[in-house]
Amino acid sequence: EPVPSEEEMQRLVAARSLHAAPFPYDAKMEDLQDFFSQHGEVKSVRMLRHKSKDFRGEVFVEFASPEEAAAVKGLQLEHAGAQLRLVAKADYVPPE
């Protein structure tokens, strides 16, 4: 089986990934991984940062499959008292 192109790999990863926010600025990677692992098999969590390297309170979460990502996207999740906004990575538009 041929190895997928980089473009195809990015598309496959995006299909099983969500953008999620808001999180506390002092959130820890382990806590975020544990939180999402309660809802599906997590392959990775990427914390988005400001140019200053401070956490922006937003993450990309890659799940094991597009179906798992879709199932989690359909949940009403709350973290640290805040309702999370969950958007498919392919539909995420970064702020200006």
Side-chain angles (χ1 to χ4, degrees):
E1 188 170 302
V3 175
S5 67
E6 187 172 333
E7 196 174 272
E8 177 67 6
M9 281 301 295
Q10 288 175 343
R11 193 187 64 70
L12 292 170
V13 169
R16 61 178 180 253
S17 299
L18 299 177
H19 174 270
F23 290 97
Y25 293 128
D26 62 353
K28 302 282 179 266
M29 174 66 83
E30 300 76 34
D31 298 337
L32 297 172
Q33 287 172 323
D34 290 347
F35 175 77
F36 284 107
S37 291
Q38 296 170 43
H39 306 288
E41 184 185 338
V42 174
K43 293 185 76 80
S44 71
V45 174
R46 201 171 110 226
M47 298 173 80
L48 304 183
R49 299 186 180 278
H50 292 289
K51 285 183 174 58
S52 65
K53 303 288 189 240
D54 293 328
F55 178 47
R56 246 173 41 194
E58 303 173 48
V59 298
F60 283 121
V61 187
E62 180 188 350
F63 290 95
S65 70
E67 295 77 19
E68 276 192 83
V72 172
K73 184 177 178 283
L75 300 175
Q76 296 292 311
L77 297 183
E78 210 175 89
H79 184 274
Q83 182 74 42
L84 295 181
R85 292 183 310 277
L86 300 167
V87 179
K89 184 175 182 181
D91 298 334
Y92 171 69
V93 179
E96 291 299 314

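Heads up: numbering here begins at 1 and tracks the sequence.
Within 6.0 Å of the CD atom in Gln83, the count of heavy atoms belonging to other residues, nucleotides or ligands exceeds 12. Other residues, nucleotides and ligands contribute over 12 non-hydrogen atoms within 6.0 Å of the NZ atom of Lys89. Atom CE of Met9 sits in a sparse spot, with 12 or fewer heavy atoms from other residues, nucleotides or ligands closer than 6.0 Å. Around CD of Glu78, the count of heavy atoms belonging to other residues, nucleotides or ligands within 6.0 Å exceeds 12.
Atoms CD and CG, from Gln10 and Leu12 in turn, are 10.5 Å apart once rounded to the nearest 0.5 Å. Expressed to the nearest 0.5 Å, how far CE of Met47 lies from CG of Asp54 amounts to 10.5 Å. To the nearest 0.5 Å, atoms CG (Leu86) and NE2 (His39) are separated by 9.5 Å. Going from atom CG of Leu84 over to atom NE2 of His19 covers 10.5 Å, rounded to the nearest 0.5 Å. The NZ atom of Lys51 lies 15.0 Å from the CZ atom of Arg49; values are rounded to the nearest 0.5 Å. Going from atom CG of Leu48 over to atom CZ of Phe60 covers 5.0 Å, rounded to the nearest 0.5 Å.
What you find for Pro24 and Ala80 is that their closest heavy atoms are CG-CB, 3.8 Å. Among all heavy-atom pairs drawn from Ala21 and Glu58, the shortest one is CB-CG, 3.7 Å. Taking each heavy atom of Phe23 and His79 in turn, the nearest pair found is CD2-ND1, 3.5 Å. Across all non-hydrogen atoms, the minimal contact from Ala20 to Phe36 is CB-CZ, 3.7 Å. The minimum heavy-atom distance between Phe63 and Val42, with the atom names listed, is CE2-CG2, 3.9 Å. Across all their heavy atoms, Ala15 and Ala69 have their closest contact at O-CB, 4.3 Å.
Using a 4.5 Å heavy-atom threshold, the side chains of Leu32 and Val61 count as separate. For the pair Arg11/Pro4, no side-chain contact is recorded, criterion being any heavy-atom separation below 4.5 Å from C-beta on. Under the 4.5 Å side-chain criterion, counting only non-hydrogen atoms from C-beta, Glu62 is not in contact with Val45. No side-chain heavy atom of Val87 sits under 4.5 Å from any side-chain heavy atom of Leu18.
Judged by distance alone, with hydrogens and angles left aside, the side-chain atoms of Lys43 form no donor-acceptor pair with the main-chain N or O of Glu41 at under 3.5 Å.
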